[in-house]
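Written below as structure tokens is the structure these notes are about.
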Amino acid sequence: MIGVMVLAKFSVRAFSLWVFSGRNLAPITLRALSLVPIAILSAICGPLIFHPSGLWENPIDLIEFWAALGSVLVARYGMIPAIVVGMGIYAIGKLMI
């Protein structure tokens with residue numbers, strides 16, 4: 001099963017490299033493609049932040065929301081401070097509840 005999945009994944013990547021190699025893409029296309037990773041990360045993290053128990057809740061009451069907000073606010077100083085602040089807020093919040 002793992003071998004089949006590796007083959008399927010490799011074939012998709014190899015095909016897209018073969019099709020798009022050597023082509024000059026429009027600047028707007030390059031800009032749109034550069035935004036794909038953050039869109040995917042947001043789609044993955046959004047439900048974990050705003051929907052942690054499986055039910056919609058008020059974000060003000062969620063520790064996950066405050067940890068994410070703290071991480072975003074500190075992210076301009078680097079990845080490590082953002083991680084430390086987010087994990088610190090989450091740990092302190094879980095200890096207090």
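- Rounded to the nearest 0.5 angstrom, Ser53 OG and Glu64 CD are separated by 8.5 Å.
- Nearest heavy-atom pair, Ala67 versus Gly86, reported as atom, atom and distance to 0.1 Å: CB-O, 3.4 Å.
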Verdict with supporting geometry, Ile83 and Met87, side-chain contact (heavy atoms from CB on, under 4.5 Å):
CA-CA 6 Å; Ile83 292 171; Met87 290 179 69; 3.6 Å; yes
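- Atom CG of Asn58 has more than 12 heavy atoms from other residues, nucleotides or ligands within 6.0 Å.
- In this structure, CD1 in Ile92 is found 11.0 Å from CD1 in Ile63, a value given to the nearest 0.5 Å.
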Which donor-acceptor pairs under 3.5 Å do the side chains of residues 34-48 make with protein atoms, sequence neighbours left out?
from: Ser34; atom 1: OG; to: Arg31; atom 2: O; distance (Å): 2.7
from: Ser42; atom 1: OG; to: Ile38; atom 2: O; distance (Å): 2.8

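- Closest approach of Ala75 and Ala82 over heavy atoms only: CA-CB, 3.9 Å.
- Hydrophobic cluster membership for Leu69: Ile49, Phe50, Trp56, Ile60, Leu62, Phe65, Trp66, Leu73, Val74, Tyr77, Val85, Ile89 (Ile, Leu, Val, Met, Phe, Trp, Tyr linked by side-chain heavy atoms under 4.5 Å, directly or transitively).
- Residue-environment remark: CD1 (Ile28) stays at or below the threshold of 12 foreign heavy atoms within 6.0 Å.
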For residues 8-18, dump all side-chain donor-acceptor pairs below 3.5 Å to protein atoms at least two apart in sequence or in another chain.
from: Ser11; atom 1: OG; to: Leu7; atom 2: O; distance (Å): 3.2
from: Ser11; atom 1: OG; to: Ala8; atom 2: O; distance (Å): 2.8
from: Ser16; atom 1: OG; to: Val12; atom 2: O; distance (Å): 3.1
from: Ser16; atom 1: OG; to: Arg13; atom 2: O; distance (Å): 3.0

